[in-house]
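Encoded as structure tokens, the structure appears first; notes follow it.
Lettering of chains follows the sequences in order, A, B, ..., and the numbering in each one begins at 1.
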Amino acid sequence: MMESLFYIAAVVALSATILALTRANAAHALIYLIVSLLAVAVLFFLLGAPFAAALEILIYAGAIMVLFVFVIMMLNLGEAGEESERKGLHPRNWIIPGIMTALLFMELVYALEQVPALTSGVAVSPKEVGIMLFGPYVLAVELASMLLMAGLVGAYHLGRRFNVRNVGSN
Amino acid sequence: MSDLGSMYFGLFLLLATIGGAAVLTWFERRLLGIWQDRYGPNRLGPFGIGQVAADMIKLLTKDDWVPPFSDRVVFIFAPTTIVVAMMLGFAVVPFGPDLYVIDLNIGLLFFLGMTSLAVYSVLLAALASNNKYALLGGLRSAAQMISYEVFMGLSLMGVVMLTGSFSMRAIVEAQADLWNFIPQFLGLFTFMIAGIAESHRLPFDLPEAEHELTAGFHTEYGGMKFAMFMLGEYLGLILISCMIVALFFGGWLGPFLPPFVWFCLKTFVVICFFILLRAAIPRPRYDQLMTWGWKYMLPLTLLNVILTGGIALAMKA
């Protein structure tokens, strides 16, 4: 039962991602991307990582993708945007990325064949994730928080209202 | 609860919440009427409750029109998202010691995830409508939701810290001695405001502010599709009220009466309070809304997290 659920979610994730790549309409592409993220969340859940699944929905699908949609609405490209996107999706442009992806895919399949099983089959509770994060991995958490702080300072600087008159008089 | 039992309860919940949302449309208008010194809909049936059926017949028989300039598939898909997301949110609400659809160990995060997915309904409706009022409403909605979501999650972290779990059942059971609204007063205050903003109800209904944006994101919607948005909004109101009861007011806990009755009574009182807020507070300007969110509410929730963490540590030591 769990196995078939896993494969169904995997098929949904893969096909949604492919559709997201090949859409000319940016809004449609984003909707497929959101579906793919939700499918990945289901995969995490089935693999015994409910906390990661919840964060996938909350952070990726719930926050980051909303910002993407926000930008698309701000730009509101319409027909002209679709036209230029269709040019970018010309088959000729797929050759080199296609070859590179195929290489990576073959490597991945080869690597996966070496490893017997990827999951422990045990569900990891949020508490255990927290203990791991603030125990052995506390350095990574601190580094991530520093990165976020830098981003915040940068955003504040960009968003600051420059008072032109004061600059001139000084 | 057995698998079959929770399935039947889930079905019952679906019907009960939809019915509740329908009755709530009438109940809200009546209550608003009383508070504003007028009658409200009081003609049809006892106390005017037949108004619900009349509204439903009206909405169901309206022409189901899709504007030719809209993005057809997304236009139809958008209103269903909010209803589905809100319905899924009810799955983790514990109505009694054994009355729930599922008791996830990430229950609270699941609820937050579902409310954040409900945003797409508004955004996609605005995008698909191809109308400038809808687009403005959608833009506002995106900014508002993102801003208020940030401290909505944070405001609940105090409760999680006191309980030590994300499971809704564990959170209610941990309140046996003292309901959370006393130690987590700041958390309740901020969560309530974030909750109203998330379900974009008055006074935070800027995405549809009718005096400046005609009807905002659902300008182009009519008939049943419009009703879906309304249903989603009322479901959101019920869901937020249920969550407030479970997280801050001891859920099903209470003397004499059976647990389910206690839960419903408390939820009813919270819903009435939300309607009172709607009647009492005017809509803020858009920049006031943003300032309020980022400059006051976010620091307040952070303060709550620090204080709760400090006190929890001190109690342990």
Side-chain angles (χ1 to χ4, degrees), chain A residues 1 23-35 37-38 41-42 44-45 48-79 81-82 123-131 134 148 152 155-156 159 161, chain B residues 69 71 73-75 77-78 81 85 88 92 102 104-132 134-147 149-150 152-153 160-161 163-167 170 198 217 294:
Chain A
M1 181 64 185
R23 287 311 92 180
N25 185 322
H28 292 176
L30 266 184
I31 296 170
Y32 281 118
L33 192 53
I34 294 160
V35 171
L37 287 172
L38 291 179
V42 173
F44 277 139
F45 191 83
F51 191 66
L55 289 192
E56 177 92 12
I57 294 180
L58 253 176
I59 310 287
Y60 285 95
I64 295 178
M65 283 298 127
V66 173
L67 287 180
F68 275 59
V69 177
F70 186 74
V71 171
I72 285 188
M73 285 165 97
M74 287 281 261
L75 298 176
N76 200 13
L77 291 172
E79 291 289 312
E82 255 176 69
V124 186
S125 73
K127 203 171 220 164
E128 288 164 55
V129 177
I131 291 169
F134 289 97
L148 285 175
L152 208 60
Y156 175 73
R161 204 168 289 172
Chain B
F69 48 82
D71 190 338
V73 179
V74 183
F75 189 84
F77 173 70
T81 346
L88 281 172
V92 293
I102 191 167
L104 288 170
N105 61 355
I106 48 157
L108 196 56
L109 293 176
F110 183 83
F111 156 74
L112 289 173
M114 286 309 124
T115 49
S116 64
L117 286 185
V119 183
Y120 284 113
S121 181
V122 175
L123 292 187
L124 295 180
L127 255 178
S129 290
N130 209 358
N131 168 311
K132 61 186 168 220
L135 195 71
L136 282 172
L139 276 175
R140 281 182 175 188
S141 164
Q144 173 181 332
M145 299 272 192
I146 285 273
S147 311
E149 226 163 61
V150 171
M152 185 179 195
V160 176
M161 264 187 239
T163 314
S165 171
F166 285 115
S167 153
E198 278 286 304
F217 65 91
W294 286 106

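For the residue pair B/S116 and A/G62, the shortest heavy atom distance occurs at OG-CA, 3.6 Å. Nearest approach of A/A54 to B/I106, heavy atoms of both residues: CB-CD1, 3.9 Å. B/A142 and A/F70 get closest at one heavy-atom pair: CB-CD1, 3.4 Å. Taking both residues in full, the closest heavy atoms of B/Y120 and A/V66 are given as OH-N, 3.4 Å, listed atom of the first, atom of the second, then distance.
For chain A, the nearby part of B/I146 is the side chain; its heavy atoms alone come within less than 4.5 Å. At a 4.5 Å heavy-atom cutoff, B/A118 makes no contact with chain A through either its backbone or its side chain.
Ranked by heavy-atom pairs under 4.5 Å with chain B, the first of A/A53, A/A63, A/A61, A/G130 is A/A61. Between chain B and the options A/N25, A/I34, A/I59, heavy-atom pairs under 4.5 Å are most frequent for A/I34. Of the listed residues (B/V119, B/L135, B/V73, B/T115), the greatest number of heavy-atom pairs within a distance under 4.5 Å of chain A belongs to B/L135. Interface check for chain A: of the options B/F110, B/F166, B/F77, the most heavy-atom pairs under 4.5 Å are formed by B/F166.
Scored by the side chain to side chain contact (heavy atoms under 4.5 Å, CB included) test, A/V42 finds A/A9, A/L46 as partners (sequence neighbours excluded). Considering only residues two or more places apart in sequence or on other chains, B/F75 meets the ring-ring contact (aromatic ring centres under 6.0 Å, His included) condition with B/Y221.
Residues B/N105 and A/P50 form a side-chain contact, since some pair of their non-hydrogen atoms from C-beta on lies under 4.5 Å apart. In this structure, the side chains of B/L117 and A/L38 come closer than 4.5 Å at one or more pairs of heavy atoms. Using a 4.5 Å cut-off on side-chain heavy atoms (C-beta onward), B/V74 and A/H28 make contact.
Atom CG of residue A/L58 and atom CD of residue B/E149 lie 7.0 Å apart, to the nearest 0.5 angstrom. Expressed to the nearest 0.5 Å, how far CG of A/L30 lies from CG of B/L123 amounts to 10.5 Å. Taking OG1 of B/T81 as the reference point, atom CD1 of A/I31 lies at 8.5 Å (rounded to 0.5 Å).
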